[in-house]
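Encoded as structure tokens, the structure appears first; notes follow it.
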Amino acid sequence: MVYAAIKDCPVFGGKLVSYDAAAIARMPGVRSTVKVNETTVAVVADTWWRAKKALDALPIVWDEGPNAKVSSASIAEHLKTGLTRTTRLPIPITVTR
């Protein structure tokens, strides 16, 4: 049996650019490194712990995209702006009973 540990891009909307599988190839138990999709990479090993430790050591380059600058503070400010807006949005509201 083999096990995998996976890592997805830490920023929503980001993508996997590259990873250096050779850097972990000789670690104990490592069988393979796999690109799962455009945002995810996995390490396959003979135990989950070895897969996780190898994944932690895997050099990965992410393209974090436009959401890289988004923070809790910027989201809060955006929401605050929406709550304090004085102009009405042109959205028709239909109430059904």
Side-chain angles (χ1 to χ4, degrees):
M1 182 179 288
V2 294
Y3 300 84
I6 64 171
K7 187 177 282 188
D8 195 42
C9 184
V11 178
F12 180 77
K15 296 189 186 263
L16 174 65
V17 174
S18 65
Y19 57 90
D20 184 6
I24 62 164
R26 294 183 169 251
M27 289 181 73
V30 172
R31 303 278 177 91
S32 180
T33 306
V34 180
K35 179 178 179 179
V36 177
N37 58 33
E38 295 299 314
T39 66
T40 310
V41 64
V43 175
V44 180
D46 59 2
T47 69
W48 178 82
W49 185 250
R50 287 179 169 178
K52 181 213 179 300
K53 295 305 283 182
L55 183 61
D56 290 344
L58 181 65
I60 302 172
V61 177
W62 303 106
D63 172 6
E64 295 180 338
N67 291 327
K69 297 178 182 177
V70 174
S71 66
S72 295
S74 67
I75 292 171
E77 185 60 35
H78 179 73
L79 293 172
K80 182 179 174 184
T81 301
L83 290 173
T84 59
R85 180 180 292 155
T86 57
T87 59
R88 291 182 165 247
L89 296 175
I91 299 173
I93 298 174
T94 305
V95 178
T96 59
R97 292 186 188 222

inquiry  = Checking the side chain of Asn67 only, and the main-chain atoms of Phe12 only, is there a donor and an acceptor separated by less than 3.5 Å?
reply    = yes

query = Which pair of heavy atoms, one from Val30 and one from Ala45, lies closest together, and at what distance?
reply = CA-CB, 4.0 Å

query = Is there a chain of hydrophobic side chains (I, L, V, M, F, W, Y, each step under 4.5 Å between heavy atoms) that links Val11 to Ile75?
reply = no

request  = Flag the pair Asp46 / Val2 as yes when at least one side-chain heavy-atom distance between them is below 4.5 Å, and no otherwise.
outcome  = no

ask   = Is there a donor-acceptor pair under 3.5 Å between the side chain of Asn37 and the backbone N or O of Thr40?
value = yes

remark   = Shortest non-hydrogen pair, Ala5 vs Trp48, comes out as CB-NE1, 4.3 Å

ask   = Between Lys35 and Leu16, is a side-chain contact (heavy atoms from CB on, under 4.5 Å) present by the stated rule, with each step listed?
value = CA-CA 9 Å; Lys35 179 178 179 179; Leu16 174 65; 3.8 Å; yes

task = Nearest 0.5 Å please: distance from the OG atom of Ser72 over to the CD atom of Glu77.
result = 13.0 Å

ask   = Going through the checks in order, is the side-chain contact (heavy atoms from CB on, under 4.5 Å) test met by Val41 and Val36?
value = CA-CA 5 Å; Val41 64; Val36 177; 5.9 Å; no

query = For the atom pair CD1 (Ile60) and CG (Asp20), what is the distance rounded to the nearest 0.5 Å?
reply = 10.5 Å

query = What's the verdict on side-chain contact (heavy atoms from CB on, under 4.5 Å) for Tyr19 and Lys7, showing C-alpha distance, side-chain angles and the deciding distance?
reply = CA-CA 11 Å; Tyr19 57 90; Lys7 187 177 282 188; over 6 Å; no

ask   = Do the non-hydrogen side-chain atoms of Pro10 and Glu64 ever get within less than 4.5 Å of each other?
value = yes

message = Looking at Ile6, I'd like to know if its CD1 atom is crowded, meaning that more than 12 non-hydrogen atoms belonging to other residues, nucleotides or ligands lie closer than 6.0 Å.
response = no

key: In one Ile/Leu/Val/Met/Phe/Trp/Tyr side-chain cluster, 4.5 Å: Met27, Val43   = yes

